[in-house]
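Order of listing sets the numbers, starting from 1, for every ligand and every atom in it. It should be emphasised that the depicted structure is a prediction, and the values quoted were computed from it without experimental measurement. We number each residue from 1, following the sequence as shown.
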Amino acid sequence: MILVLKQDAKPEAIHQLSDQLHSMGFVVQEIKGEHTHMLGLAGDTTQIDRDQFGRIDIVDSIMKVSEPYKLAGRKFHPEDTIVDVCGRKIGGGNFVVMAGPCSVESEEQILSVARDVKASGASFIRGGAFKPRTSPYAFQGLGLDGLELLKMARQKTGLPVVTELMNNDYLEEFARDVDIIQIGARNMQNFSLLREVGQLKKPVLLKRGLANTIEELLMAAEYLMAGGATDIMLCERGIRTFETSTRNTLDLSAIPVLHRKTHLPVIVDPSHGTGYWHLVEPMALAAVAAGADGLIIEVHNAPQCALCDGPQSLTPEVFHQLMKKIDRVRAAIAED
Ligand code: PEP
Ligand code: MN
């Protein structure tokens, strides 16, 4: 961390400040240029309250030089994390597709979609049992009954289950019955939920919040990891912008940015990222080309009747064609 000092800072005040910083355990280095005067701080600056430092009379501004996400960052963990869920590897060159309906609606629906996506090559079945809906009058999911149906789908197809946990009420059931716990976009900064889920030490798919920066996403991952979790996958699912032609703006540049900053796998959700089924294929292929470690895609056996997110859901046939194209893009970009 660097403290940039005001032009008129008096030498006595600077000495006093560096003594104070020394006594706090930092190594302090004075950097003096023709027009600038700075103090460089080395040591554990994670506990520093930046606002408090900003109030010091002679401090003009504060610059961070190292990231506050020590566990999620690449700096102290240069190798890619490879998450292993029931033998399916994700990250470090291992690619997966998670697919299924937005919400679990019935036994027939989830079984039929699970069988279809498996036949097309998906490695996980997704489906919400607890749904975060904008309207309190909209379908809220089948709850624990939905979780039972997901277990049945796993038992019949062998596909591990990805499903969203919305609050701290069902930690025990999710720890027992779910293979990847999804933290939804609306809960990315629900810090008490992140702390509790981190302690379960289960694989987590952490979705980027609607209006959150990449750094905030990494700090949310840090919460999970500070609790003890290691198998975290980050999910780019589109962010809010002024654009209204798509449901969200899918930030594909987040893929290479995240790969530089973190060792955690990056999954892309082109369904919520675009909101329209006909945009899912081009954006899914673009995400693969940009280096995504996996995709999560909504597929419904009858999208026109879906209780949630029908317009962005692929039919099993369209999904099947997409899977073939994904293979071709992966082959095209594979390193020799
Ligand atoms: C979902 O995956 O069904 C979902 C609600 O996603 P998000 O949290 O990204 O909106
Ligand atoms: Mn959805």
Q.
List ligand 1 atoms under 4.0 Å from E164, heavy atoms only on the residue side.
A. 5 (C)
Q: State plainly whether the residues D179 and R154 are in salt-bridge range, i.e. N to O under 4.0 Å.
A: yes
Q.
Please determine whether side chain to side chain contact (heavy atoms under 4.5 Å, CB included) holds for the pair E105 and I110, giving the CA-CA distance in whole Å, both sets of side-chain angles, and the decisive distance to 0.1 Å.
A. CA-CA 7 Å; E105 297 173 8; I110 195 68; over 6 Å; no
Q. Is there at least one pair of N or O atoms, one from R186 and one from ligand 1, spaced under 3.5 Å apart?
A. yes
Q. Once you round to the nearest 0.5 Å, how far does NZ of K6 lie from CD1 of I56?
A. 10.5 Å
Q. Do any nitrogen or oxygen atoms of D309 lie less than 3.5 angstrom from nitrogen or oxygen atoms of ligand 1?
A. no
Q: Working to the nearest 0.5 Å, report the span between CG of L322 and CD of E281.
A: 5.5 Å
Q) Can a salt bridge be assigned to the pair K201 and D231 using a cut-off of 4.0 Å between side-chain N and carboxylate O? A) no
Q: Go around the Mn ion (ligand 2) and count every protein N, O or S atom nearer than 2.8 Å.
A: 4
Q: Look only at interatomic distance and state if Q182 has a nitrogen or oxygen under 3.5 Å from any nitrogen or oxygen of ligand 1.
A: yes
Q) Which residue from E298, M98, R237, Q312 reaches closest to atom 9 (O) of ligand 1 through any of its heavy atoms? A) R237
(Q) Salt bridge check, D309 against R247: does any charged N sit closer than 4.0 Å to a carboxylate O? (A) yes
Q: Over 60° means perpendicular and under 30° means parallel, so classify the ring planes of F191 and Y223, tilted if in between.
A: parallel
Q) With sequence neighbours left out, which residue pairs that include part of residues 255-267 fulfil the side-chain hydrogen bond (donor to acceptor under 3.5 Å, both in side chains) condition? A) T81-H263, H259-D293
Q: Identify the protein heavy atom lying closest to atom 4 (C) of ligand 1, giving its residue, its atom name and the separation to 0.1 Å.
A: H272 NE2, 3.5 Å
(Q) Taking 4.0 angstrom as the limit and counting only heavy atoms of G184, give me the atoms of ligand 1 inside it, by number and element. (A) 8 (O)
Q: Return the option from G127, S271, A185, C235 holding the heavy atom at the smallest distance from atom 8 (O) of ligand 1.
A: A185
Q: Taking only Lys NZ, Arg NE, NH1 and NH2, and the carboxylate oxygens of Asp or Glu, determine whether K151 and E148 approach each other closer than 4.0 Å.
A: yes
Q. Charged N to carboxylate O below 4.0 Å: is that the case for D251 and R208?
A. yes
Q. Which protein heavy atom lies closest to atom 6 (O) of ligand 1, and at what distance to 0.1 Å?
A. K207 NZ, 2.9 Å
Q | Those atoms of ligand 1 less than 4.0 Å from some heavy atom in K131 | A | 1 (C), 3 (O), 5 (C)
Q: Decide salt bridge (charged side-chain N to carboxylate O under 4.0 Å, His left out) for E164 and R126; before the verdict, give the C-alpha distance in whole Å, the side-chain angles of both, and the deciding distance to 0.1 Å.
A: CA-CA 9 Å; E164 177 168 354; R126 64 143 289 151; over 6 Å; no
